[in-house]
Amino acid sequence: MTTTNAGIIGMGHAYPSGVLTNADLEKIVETSDEWITTRTGIKQRHKAADNEYTSQFGTLAAQRAIENAGLQPEDIDIIVCATTTPDQIMPSTGALIQAQLGAINAAGMDIFAACSGFLYGITMVESMIRTGQVRNAVVIGAEVLTKYVDYTDRSTCVIFGDGAGAAVLAPVAEGKGILATKIRSDGRYEEALYAPGGGTKLGTTHQTIDNRDHFFKMKGNELFKVAVRSMAEISAEMIEKAGYRVEDIDLVIPHQANQRITDAVASRLGVPEEKVFSNIAEHGNTSSASIPIALDECIESGKVKSGDLVLLTAFGGGATWGATVIRF
Ligand code: UT7
């Protein structure tokens with residue numbers, strides 16, 4: 001079987017115009033700009049209005065990515081939307097985005113892998129492109145997390161923000177594109193980050209609503225060490241698998257969970273601060289959208305150029321984690 005490398009040929013991102021600053025949060029819960037800034041690095045996050053929802057931002061990001069790739073919606077064979085905050089339980093947000101895009105030749109589907117969802121998506125379509133099953137794929141990370149956040153819980157409401165990022169993947173020249181990629185999970189961490197209510201295990205009742213079971217609950221400090229260890233280990237493994245050393249990496253774009261997690265991953269890997277991208281101050285933690293938003297910002301600003309070797313790594317609820325090494 002002949003195989004082809006898959007690479008990113010276009011990107012786009014979008015987020016709501018609404019902004020929630022640390023000062024705004026000081027008026028809602030017992031917190032302070034000082035605590036949020038020193039413990040997380042976040043200064044503000046984007047927040048969708050009541051009439052805004054996930055597929056709108058996913059569609060906008062995907063439209064920009066398809067245009068940036070020089071393609072038309074009809075050229076797309078598959079749309080994979082990574083989201084933990086779908087428009088609704090059914091149909092999938094990927095199918096809704098397919099319709100909104102007018103991607104009449106594509107299959108639309110969702111991936112549920114929390115903050116690692118974008119890397120799950122590109123790992124899956126990479127093999128589909130490499131084996132010739134599809135040619136042009138769109139992978140989206142899209143979230144409206146602020147509608148699942150409990151604004152009486154200061155341990156979660158200060159962290160999460162909304163937005164979407166999208167990448168078009170297609171065959172690229174040998175030596176370019178995705179050189180190594182791997183995803184993992186460990187469901188034993190279920191209760192470290194979850195929304196227990198509203199599924200088949202704990203269906204929606206008046207009581208689940210009163211208990212606020214439909215909102216995210218997080219044991220952040222339980223996840224912290226696992227996140228650092230998992231991202232550092234899988235990143236080192238993928239750099240080696242790609243045939244490189246840590247020093248060869250031009251830029252690391254980690255999931256934007258917490259500035260202290262990013263710093264700890266970089267120090268464990270032995271990557272200097274200037275080679276690690278962060279936009280958490282402006283966006284907060286946008287889960288599956290954080291890596292594609294960050295990567296698109298890096299491409300737009302010239303921080304990522306053709307020929308650069310880039311490491312993406314993520315960790316999220318599940319627990320899930322992954323790493324991808326790409327030559328642009
Ligand atoms: O997106 C991927 C999945 N998620 C993660 O990877 C999250 C990883 N975890 C984290 O980012 C951090 O654990 C948090 C930012 C969530 C929390 O930071 P922390 O340094 O682990 O704080 P903590 O939970 O250990 O809480 C320390 C103190 C507590 O007070 P006491 O018990 O020491 O008196 C909390 O009640 O900070 C308090 N606290 C706050 N204080 C002011 C918790 N949230 C806040 C807040 N403002 N917003």
Side-chain angles (χ1 to χ4, degrees), residues 25 29-31 35-36 38-42 45 82-86 110-121 123 141 143-162 182-204 208-209 211-235 237 254-269 280 283-291 312-323:
L25 282 162
V29 281
E30 173 115 24
T31 191
W35 191 97
I36 303 170
T38 54
R39 304 294 259 217
T40 71
I42 301 167
R45 64 291 290 143
T83 186
T84 311
T85 52
D110 284 6
I111 283 189
F112 233 133
C115 308
S116 312
F118 182 74
L119 297 192
Y120 268 61
T123 301
E143 306 283 4
V144 174
L145 294 153
T146 58
K147 293 199 185 181
Y148 279 91
V149 158
D150 183 350
Y151 283 95
T152 67
D153 174 7
R154 67 177 182 175
S155 68
T156 52
C157 74
V158 303
I159 292 166
F160 295 109
D162 303 333
K182 186 172 180 178
I183 47 177
R184 293 282 311 276
S185 69
D186 186 345
R188 287 174 298 180
Y189 286 98
E190 173 189 359
E191 292 186 13
L193 176 50
Y194 75 148
T200 55
K201 189 173 167 187
L202 188 62
T204 308
T208 64
I209 302 280
N211 290 346
R212 311 178 83 76
D213 287 328
H214 51 296
F215 289 128
F216 290 147
K217 301 181 193 314
M218 181 166 78
K219 295 173 190 149
N221 49 15
E222 261 183 38
L223 289 175
F224 199 102
K225 277 192 197 148
V226 195
V228 173
R229 194 185 58 234
S230 308
M231 284 193 279
E233 280 177 10
I234 204 163
S235 295
E237 187 188 338
H255 163 52
Q256 309 285 304
N258 181 323
Q259 190 59 45
R260 289 187 296 136
I261 292 180
T262 293
D263 295 343
V265 170
S267 124
R268 224 176 149 126
L269 266 177
I280 196 165
H283 296 286
N285 178 343
T286 57
S287 191
S288 68
S290 91
I291 290 181
L312 313 176
T313 185
F315 178 88
T320 58
W321 64 98

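Owing to the predicted nature of the structure, the values given are computational and were not obtained by experimental measurement. For the numbers below, each heavy atom of this structure counts, side chains included, while hydrogens, waters and symmetry mates do not.
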Anything under 3.5 Å between a donor and an acceptor, one on a side chain of residues 150-157, the other on a protein residue two or more places apart or in another chain? List them.
from, atom 1, to, atom 2, distance (Å)
D150, OD1, T152, N, 2.9
D150, OD1, T152, OG1, 2.7
D150, OD1, R212, NE, 3.1
D150, OD1, R212, NH2, 3.1
D150, OD2, T152, OG1, 3.3
D150, OD2, R212, NE, 3.0
D153, OD1, S155, N, 3.0
D153, OD1, S155, OG, 2.7
D153, OD2, T156, OG1, 3.1
R154, NH1, E30, O, 3.1
T156, OG1, D153, O, 3.4

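Side-chain atoms of N258 come within 3.5 Å of backbone atoms of R260 as a donor-acceptor pair (strictly under, hydrogens ignored). With hydrogens and angles ignored, the 3.5 Å screen pairs a side-chain donor or acceptor of R45 with a backbone N or O of V158. No donor-acceptor pair under 3.5 Å is formed between the side chain of D110 and the backbone N or O of A82. Under the 3.5 Å distance criterion, the side-chain polar atoms of E191 are left unmatched by any main-chain donor or acceptor of Y189.
Residues forming a side-chain contact (heavy atoms from CB on, under 4.5 Å) with E233 (at least two apart in sequence, or on another chain): R229. E237 is linked by a salt bridge (charged side-chain N to carboxylate O under 4.0 Å, His left out) to K182, counting only residues two or more places apart in sequence or in another chain. Partners of Y148 according to the ring-ring contact (aromatic ring centres under 6.0 Å, His included) rule, which considers only residues two or more places apart in sequence or in another chain, are F216. Take S235 and apply the side chain to side chain donor-acceptor pair (under 3.5 Å) test, not counting sequence neighbours, and it matches T313. E190 is linked by a salt bridge (charged side-chain N to carboxylate O under 4.0 Å, His left out) to K201, counting only residues two or more places apart in sequence or in another chain. For S116, the side-chain contact (heavy atoms from CB on, under 4.5 Å) partners at least two apart in sequence or on another chain are Y120, A314, T320. Every residue two or more places apart in sequence or in another chain was checked for a side chain to side chain donor-acceptor pair (under 3.5 Å) with S185, and none qualifies. Looking at residues two or more places apart in sequence or on another chain, you find no salt bridge (charged side-chain N to carboxylate O under 4.0 Å, His left out) involving K147. With sequence neighbours left out, T38 forms a side-chain contact (heavy atoms from CB on, under 4.5 Å) with E34. Residues satisfying the side chain to side chain donor-acceptor pair (under 3.5 Å) test with T40, not counting sequence neighbours, are none. In this structure, the side-chain contact (heavy atoms from CB on, under 4.5 Å) partners of L193, at least two apart in sequence or on a different chain, are M218, L223.
Between G203 and T208, the closest heavy-atom pair is O-CG2, 3.5 Å. Of all non-hydrogen atoms in Q256 and I280, the two that sit nearest each other are OE1-N, 3.3 Å. Nearest heavy atom pair, residue I234 against residue A323, reads CG2-CB, 3.6 Å. Taking each heavy atom of E222 and V226 in turn, the nearest pair found is O-CG2, 3.3 Å. A pairwise comparison of heavy atoms in G141 and A289 identifies O-CB, 3.3 Å as the closest pair.
For the pair H283/S290, no side-chain contact is recorded, criterion being any heavy-atom separation below 4.5 Å from C-beta on. Taking 4.5 Å as the limit, some side-chain heavy atom of L145 sits within range of a side-chain heavy atom of D162. Using a 4.5 Å cut-off on side-chain heavy atoms (C-beta onward), W321 and H255 make no contact.
The line from CD1 of I291 to CG of L312 is 5.5 Å long, rounded to the nearest 0.5 Å. Interatomic distance, CD1 of I159 versus CD1 of I42, reported as 6.0 Å (0.5 Å rounding). Taken to the nearest 0.5 Å, the CD1 atom of I209 stands 8.5 Å off from the CZ atom of F215.
Between the side chains of T286 and E143, no donor-acceptor pair is found at a separation under 3.5 Å.
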Dump the intermediate steps for side chain to side chain contact (heavy atoms under 4.5 Å, CB included) on M231 and I261, then the final yes or no.
CA-CA 10 Å; M231 284 193 279; I261 292 180; 3.6 Å; yes

